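Working notes, structure below.
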Amino acid sequence: MPELPEVEVVRLGLAPAVTGARVEAVSVVDPRGVTRHVGGVADFESRLAGAVLGAPVRRGKFLWVPVAERGEALLAHLGMSGQVLLRDETTAPERHVRVQLWVDGPGGAVRIDFVDQRTFGSLAVEAMAADPLAARVGRRGGEAFAWPDVPASVAHIALDPLDPRFDDEAFIRRLRMKRTEVKRALLDQTLVSGIGNIYADEALWAARVHPRTIASTLSAQAARRVIEEARAVMVRALSEGGTSFDAQYVNVNGQSGYFSRSLNAYGRAGQPCHRCGRAIVREAFMNRSSHYCPRCQRLR
DNA sequence: AGCGAGCCCTGCGCGC
DNA sequence: TGCGCGCAGGGCTCGC
């Protein structure tokens, strides 16, 4: 379940099950489910055994559950096809189950299955590290936000637009210094996190910006529209449970979201633009595709 | 700094 | 039916 809204749906569903719960057992069914874990399968299992879990945290597309007493966290990235499912003992695991956790806590006893068809996703147990963004904001004299530690491999990931600490003005300045295409910049998780191919196309459509526009040529107003529309579309998607085209992208109960009905650009090649009626164009981009309206989103 | 290519995988729908 | 191809919402590393 890739982009920010889908990962947030998982975080929200996971919170009541894991917060304050204790890990009773761990089983790595397929070692590819823990490729991000440095120490290997046995180390992963032993680091989680008996751990008391905190409230899950998300940054961009990364999700983690702190294990405060050990200064570590269980980190998850869902890749292209990862799912986190809450199951009871009697439910048979999915075909592509990679890791299973049995936890017991205030929310009761539950089995957590990490399922991932394509295995680009992974779990890991990692040490927490100081958030390097704290220093940067401090230098600018930013507001008095708390900057808790983050898992080591998340330290290079930018804040996402739903984070209250996200600084729109700083983002706009950085974006307009880039001599690269604006869509590429939106997908750069070190500039702004959480945006993937769907929401990049949707944000650019809403902002009326062509995906190949060189970021440094954007007006301040256009750059502002891009980030504000990115945030708006992700908030709307979240309120509808995320975007699902099939059963691949589901919440912790296996249910799909409804936002695919509300898409304006992504996946709509050849269909009329909802604003002007012109056919949406699909164009190859970075081994993927861009979708945009050739009339509303003019280059330059 | 930035970019393209390649890599990590499985499964689906399509045309032949 | 079967086969090969292109496609899929991500991210990391490499060489240039």
Side-chain angles (χ1 to χ4, degrees), chain A residues 1-10 29-38 58-63 75-84 94-98 114-124 151-158 160 174-205 211-212 214-216 230 233-234 237-238 240-251 256-270 282-291:
Chain A
M1 289 191 56
E3 305 183 43
L4 186 157
E6 293 76 37
V7 181
E8 179 65 5
V9 165
V10 171
V29 180
D30 184 325
R32 293 176 298 179
V34 295
T35 47
R36 297 185 87 100
H37 184 81
V38 175
R58 182 191 51 71
R59 176 176 295 183
K61 305 168 195 173
F62 287 82
L63 176 65
L75 176 69
H77 195 290
L78 303 178
M80 293 280 266
S81 56
Q83 305 174 340
V84 176
E94 306 286 314
R95 179 175 169 192
H96 299 295
V97 65
R98 309 300 182 195
F114 176 65
V115 176
D116 188 12
Q117 176 196 101
R118 293 176 67 187
T119 72
F120 289 171
S122 165
L123 304 184
S153 69
V154 178
H156 69 295
I157 299 295
D160 62 65
R174 288 182 73 196
L175 176 65
R176 296 181 68 220
M177 287 171 61
K178 295 261 177 197
R179 266 192 287 272
T180 188
E181 294 168 4
V182 61
K183 177 161 174 184
R184 183 181 292 274
L186 285 181
L187 296 178
D188 177 356
Q189 305 295 302
T190 68
L191 184 64
V192 52
S193 68
I195 302 174
N197 210 31
I198 291 180
Y199 297 108
D201 283 358
E202 293 302 308
L204 292 169
W205 180 90
R212 303 199 82 109
I214 301 302
S216 61
V233 71
M234 291 196 289
L238 178 57
E240 295 184 38
T243 299
S244 306
F245 302 117
D246 52 43
Q248 196 76 74
Y249 306 99
V250 296
N251 66 17
S256 294
Y258 296 107
F259 196 68
S260 59
R261 303 170 186 179
S262 308
L263 295 176
N264 288 306
Y266 187 86
R268 297 196 65 248
R282 175 174 168 275
E283 193 176 285
F285 174 82
M286 286 175 74
N287 280 333
R288 298 202 177 91
S289 306
S290 283
H291 310 75

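In what follows, every heavy atom counts, from backbone to side chain, and hydrogens, waters and symmetry copies are set aside. Just so it is clear, the structure is predicted and the values come from calculations on it, not from any experiment. A note on names: the letters A, B, ... follow the listed sequences, proteins ahead of strands, and every chain is numbered from 1.
Look at A/Arg58 and A/Asp160 and you find a salt bridge, because one of the NZ, NE, NH1 or NH2 atoms lies within 4.0 Å of a carboxylate O, short of that distance.
A close approach under 4.0 Å does occur between a side-chain nitrogen or oxygen of A/Tyr266 and OP1 or OP2 of C/dG9.
Atoms CZ (A/Phe285) and C1' (C/dA8) sit 16 Å apart, rounded to a whole Å. The separation between A/Met286 atom CE and C/dG9 atom C1' is 13 Å, rounded to whole Å.
Note that CD of A/Gln83 is 12.5 Å distant from CD of A/Glu6, once rounded to the nearest 0.5 Å. For the atom pair A/Glu8 CD and A/Glu3 CD, the distance stands at 14.0 Å (nearest 0.5 Å). Once rounded to the nearest 0.5 Å, the distance linking CD1 of A/Ile214 with OG1 of A/Thr180 reads 6.5 Å.
Consecutive pairing runs in DNA chain C reach the stem threshold at B:2-8 with C:10-16, B:10-16 with C:2-8, where a stem means at least three Watson-Crick or G-U wobble pairs with distances under 3.5 Å.
Bracketed by its first and final contacts, the part of DNA chain B lying under 4.0 Å from non-hydrogen atoms of chain A reaches from B/dG2 to B/dG11 in 5' to 3' order.
Residue contacts shown for A/Arg95 are limited to sugar-phosphate atoms, with no base heavy atom under 4.0 Å away. Using a 4.0 Å heavy-atom distance criterion, A/Phe245 is classed as a base contact. Among the heavy atoms of the strands, none lies under 4.0 Å from A/Thr35.
Comparing A/Thr180 and A/Gln117, the nucleotide of DNA chain B nearest to each residue sits closer to the 5' end for A/Thr180. Residues A/Arg179 and A/Thr119 each lie close to DNA chain B; by heavy-atom proximity, the contact nearer the 5' end of the strand is made by A/Arg179.
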message: Does the protein touch nucleotides 10-16 of chain C at the base, only the backbone, or not at all? Give it as B, S and - per nucleotide, heavy atoms under 4.0 Å.
response: BBS----
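Between the side chain of A/Gln189 and the main chain of A/Ile195, a donor-acceptor pair closer than 3.5 Å is present. Of the possible donor and acceptor atoms, none in the side chain of A/Asp201 sits under 3.5 Å from a partner among the backbone N and O of A/Ala265.
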field: A/Lys178 vs A/Leu191, side chain to side chain contact (heavy atoms under 4.5 Å, CB included): CA-CA, chis, key distance, verdict
entry: CA-CA 10 Å; A/Lys178 295 261 177 197; A/Leu191 184 64; 4.1 Å; yes
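With sequence neighbours excluded, the residues that form a ring pair (Phe, Tyr, Trp, His ring centres under 6.0 Å) with A/Phe245 are A/Tyr266. In this view, A/Asn287 satisfies the side-chain contact (heavy atoms from CB on, under 4.5 Å) rule with no residue, not counting sequence neighbours. A search for side-chain contact (heavy atoms from CB on, under 4.5 Å) contacts involving A/Ser122 returns A/Thr35, A/Arg36, not counting sequence neighbours.
Evaluated for a side chain to side chain donor-acceptor pair (under 3.5 Å) with A/Ser290, the options A/Glu283, A/Arg212, A/Arg282, A/Lys183 yield exactly one hit, A/Lys183.
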